[in-house]
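Reviewing the structure listed below.
Because the structure is predicted, anything quoted here is derived from the model rather than measured. Per chain, numbering begins at 1; letters A, B, ... match sequence-line order.
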Amino acid sequence: MNQVELQSTRFRAALIAWYRLDGRILPWRTTADPYRILVSEMMLQQTQVVTVLRYYDRWFQLFPTLESLAHADESDVLHAWQGLGYYSRARHLHQCARWVVEHCGGKLPCDIKSLLELPGIGRYTAGAVASFAFNLPAPILDANVIRVLARLVNLETPIDREPGKSTLWELAEHLVRGPEPGTFNSALMELGALVCTPRAPACERCPVKTYCRASHPQNIPRKSVRAEVVRRQENYRWIRRGDQILLRKCAGPRWKGMWTLPLADEIQNDEVPVFEMRHSVTRFVIHLKVFSGRAPAVLAPDNSYHRVKDIPDLPMPTPHRRSVDVLLGGR
DNA sequence: AATTCGGGGCT
DNA sequence: AGCCCAGAATT
Ligand code: SF4
């Protein structure tokens, strides 16, 4: 065994030993069911653990198996995802379930290449399913692992473009080729979540500090400069006809398949909003304003009326759900 | 390679 | 107020 391999072997052992003692018990860590692993990985994309915990268990009450998800209506799937954001994840997960039930006998594939062909599954999620559900030595690279590995090798180039990205993938690929690849990947992520944190890493209690080359870990990872924030205003109408409200079904890509208030095309200077709020979509800060309106003579093709009692069951993005709740509650 | 896609936790 | 988060798809 050469020097590098010897170091790697000890590194893996130290990290896994720490994880067994200090790792958190999370719902998706106490199962090897590929469906449950997949749902957790889809929900956790760009979403913090505490947020996912509010959705995870309820998901399986609604869709206990991959097959039940495959047979569900997209509207119900989006409704269960309501509030989590990045709704294409829900639509892709639904499409994924239908594909696997239709073409794979209801069993998720375990090899990376097949997993990558499924909708919504990229390099990270494929590796996560392969390693967590099937215990295969597939690398993962998420925000936690990026931070840990970049600091370990003191990577000072940007981690969100080449050649930094490939450097990290190769390192992850090398390290996972040891015993218990699934546990190792979990441990790597957990170190990033609990010890090797973004602002102030707790190096003094780090189980792999003797392997770490970062001189100023708080300055790593480095990222490309992000786009400037752009402010936008969006105007909507509150149109009531008896016990019904006019809504619009989004055709996407933003909020595709979900219901919002109908867009207002022209606002007169003297109109005063009946509701307003700010919310953000990545680099956009959106000032949402709702104006009272009259029922249009001709209904736009994507608009339709819905009874007040049915609105809770429609999938709606958070800002519009809040608008409707306030406007209905404040009668 | 750059941009888009949500929403909330945390400092 | 700004940064960050178990990323993927599209352009
Ligand atoms: S020593 Fe510090 S910077 Fe290095 S891996 Fe551990 S926590 Fe992160």
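- Looking at heavy-atom distances under 4.0 Å, A/Leu141 makes no contact with the nucleic acid at all.
- When the nucleotides B/dG7, C/dC3, C/dA8 are ranked by their closest atom to the side chain of A/Arg226, C/dC3 comes out on top.
- Within 4.0 Å (heavy atoms only), A/Gly192 reaches no atom of the nucleic acid at all.
- Residues forming a side-chain hydrogen bond (donor to acceptor under 3.5 Å, both in side chains) with A/Gln244 (at least two apart in sequence, or on another chain): A/Arg241.
- Considering only the side chain of A/Thr51, B/dG9 comes nearest among B/dG9, C/dC5, B/dC5.
- When the C1' atom is used for both B/dG6 and C/dC4, the distance is 14 Å, rounded to whole Å.
- Sequence order on DNA chain B of the closest nucleotides to A/Met258 and A/Phe284 puts A/Phe284 first from the 5' end.
- The gap from the P atom of B/dT11 to that of C/dA6 amounts to 14 Å, rounded to the nearest Å.
- Across all strands, A/Thr125 comes closer than 4.0 Å only to sugar-phosphate atoms, never to a base (heavy-atom distances).
- Distance noted for atom C1' between B/dC5 and C/dC5: 14 Å (whole Å).
- In A/Arg24, the CZ atom is crowded: over 12 heavy atoms of neighbouring residues, nucleotides or ligands sit closer than 6.0 Å.
- Mapping A/Gln48 and A/Arg123 onto DNA chain C via the closest heavy atom, the residue that lands nearer the 5' end is A/Gln48.
- Backbone-only engagement by A/Arg254 is indicated by non-hydrogen atom pairs under 4.0 Å involving sugar-phosphate atoms exclusively.
- Checking A/Val50 against A/Ser224, the closest nucleotide of DNA chain B that is more toward the 5' end is the one next to A/Ser224.
- Salt bridge present: A/Glu271 and A/Arg237 bring a charged side-chain N and a carboxylate O closer than 4.0 Å.
- Mapping A/Leu116 and A/Leu44 onto DNA chain C via the closest heavy atom, the residue that lands nearer the 5' end is A/Leu44.
- Applying ring-ring contact (aromatic ring centres under 6.0 Å, His included) to A/Trp59 and the options A/Tyr55, A/Phe63, A/Tyr56 leaves one that passes, A/Phe63.
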